[in-house]
Colleague: 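First, the structure itself, so that you have it in front of you.
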Amino acid sequence: MSRAYSPVPTSDRRPRTARLALTATCLAACLALLAGCGDDGGDGDGDQASPTASATKASKAPSSPSQPGDSPSASGRLTDDQAERKALLPLARVDHAKAAETAVGEVPGGRLVELELKGTGGDRGDKGTGDDAPGDAGAADAGAAGPSGTASPRTRRAEWVAKVAAKDGTAHRVRVDAGSGKVLGAEAETDQDGDDKRELAAQLSKARRTPEQAAKAATDTKRGTVTSVELGDDDAGALVWSVDVVTPRDWNKTTFAVDAVTGKVVGEHVDRD
């Protein structure tokens, strides 16, 4: 007797189809997960930062702190003039006041007209301060370094160069060792004529304030080391003492104009070179 074929109802096949679809979906998800893990560089860390994250971290990283006084320029390095001032000042164990007193004592009845701290370069003769003689203020004896970080052997000492006028206006050039305070030389200037002497004598007679008083007025305004004092007329024709003050905080030089009659500070200019 033959047996009739009864097909499986459609409703009985749907659960299996759903199960196959779910299995395929899970398999696809696993493959995608494995593919993502394979992109971590193969270093086993699984924690490699993306370029965006790296850039974010870099922007948040703290910058190196600057050293006060040693990085006044935008490049973080001292300029040539700043480095030369830094090298020259430690050589001056004798300050401007003592040097002025010593220089004036070399000229009977003399009065100070100018005084400037300079570095000397051994066999190269007199050199100016750090502002006038680039590269000659390395001060190897003091262990000072130039802009490149190496000490220059050419500057061995510093000296004060003074201009002192006698009563008749005759100017004398007096050199004082800034380390020991000893007089290195004194001689009358030979390029003056009668008019020059009378003009210089007249200027000194009008100056009611001494160079020491002018220097004090300048350092009361800004603390630092006096490296130059000079009597002369300003652009408006007023008689002033020009006083240079170097600040070790940044090694800049500030020039003050101090009225030679009233003693007031009437001008100020900062040289940041």
Side-chain angles (χ1 to χ4, degrees), residues 67-73 77-106 112-164 173-187 211-212 214-216 218-219 222-230 242-256 270-273:
Q67 298 298 322
D70 284 347
S71 301
S73 63
R77 294 169 59 88
L78 297 176
T79 66
D80 288 346
D81 288 344
Q82 288 165 344
E84 287 154 6
R85 294 176 197 132
K86 183 179 179 181
L88 183 63
L89 260 61
L91 301 179
R93 298 182 178 89
V94 176
D95 66 10
H96 73 282
K98 182 61 178 177
E101 180 183 355
T102 300
V104 169
E106 292 296 305
L112 186 70
V113 181
E114 298 177 13
L115 181 68
E116 183 179 7
L117 180 64
K118 295 187 176 184
T120 61
D123 59 358
R124 298 185 64 178
D126 293 345
K127 299 296 177 185
T129 60
D131 302 326
D132 298 328
D136 279 341
D141 293 345
S148 63
T150 58
S152 167
R154 291 178 291 185
T155 295
R156 301 300 182 184
R157 58 184 174 81
E159 65 182 40
W160 291 98
V161 179
K163 180 177 180 179
V164 181
R173 182 173 182 268
V174 184
R175 296 164 51 231
V176 178
D177 190 292
S180 65
K182 296 181 179 180
V183 175
L184 301 175
E187 58 185 2
E212 291 79 11
K216 185 177 186 304
T219 52
K222 178 177 289 187
R223 295 184 61 182
T225 301
V226 175
T227 59
S228 177
V229 181
E230 180 180 355
S242 295
V243 183
D244 289 346
V245 177
V246 174
T247 47
R249 174 174 51 84
D250 50 19
W251 302 107
N252 289 333
K253 179 183 71 176
T254 303
T255 300
F256 293 94
V270 181
D271 181 0
R272 293 186 172 86
D273 292 336

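Bear in mind the structure is a predicted one, so any value in this text is a computation, not a measurement.
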Colleague: Using the test side chain to side chain contact (heavy atoms under 4.5 Å, CB included), find all partners of T247 that sit at least two apart in sequence or belong to another chain.
Modeller: K222, D250, N252

Colleague: Should V94 and D177 be marked as a side-chain contact (heavy atoms from CB on, under 4.5 Å) after you check the CA-CA gap, both sets of side-chain angles, and the distance that decides it?
Modeller: CA-CA 8 Å; V94 176; D177 190 292; over 6 Å; no

Colleague: Name the one of L88, D244, V245 that satisfies side chain to side chain contact (heavy atoms under 4.5 Å, CB included) with T227?
Modeller: D244

Colleague: Please find the pair of heavy atoms, one from A186 and one from V174, that lie closest to each other, and give the distance.
Modeller: CB-CG2, 4.0 Å

Colleague: Starting at CZ of R272, measure out to OG1 of T79 and round the result to the nearest 0.5 Å.
Modeller: 12.0 Å

Colleague: Could you please spell out the steps behind the side-chain contact (heavy atoms from CB on, under 4.5 Å) verdict for D271 and R85?
Modeller: CA-CA 12 Å; D271 181 0; R85 294 176 197 132; 3.3 Å; yes

Colleague: Can you list the residues that meet the side chain to side chain contact (heavy atoms under 4.5 Å, CB included) rule with A100, with sequence neighbours excluded?
Modeller: L112, L115, E212

Colleague: Please give me the minimum heavy-atom distance between A162 and A103, naming the atom from each residue.
Modeller: CB-CB, 3.6 Å

Colleague: For the residue pair R157 and L91, establish whether any side-chain heavy-atom pair is separated by less than 4.5 Å.
Modeller: no

Colleague: Step by step, work out the side-chain contact (heavy atoms from CB on, under 4.5 Å) result for V164 and E106.
Modeller: CA-CA 9 Å; V164 181; E106 292 296 305; over 6 Å; no

Colleague: Rounded to the nearest 0.5 Å, how far does OG of S228 lie from CD of E114?
Modeller: 7.5 Å

Colleague: Please examine the side chains of V161 and E159, heavy atoms only from C-beta on, and report whether any two atoms are closer than 4.5 Å.
Modeller: yes

Colleague: Under a 4.5 Å cut-off applied to non-hydrogen side-chain atoms, are D95 and V226 in contact?
Modeller: no

Colleague: Looking only at heavy atoms, what is the nearest atom pair of T255 and S242, with distance?
Modeller: CG2-CB, 4.4 Å

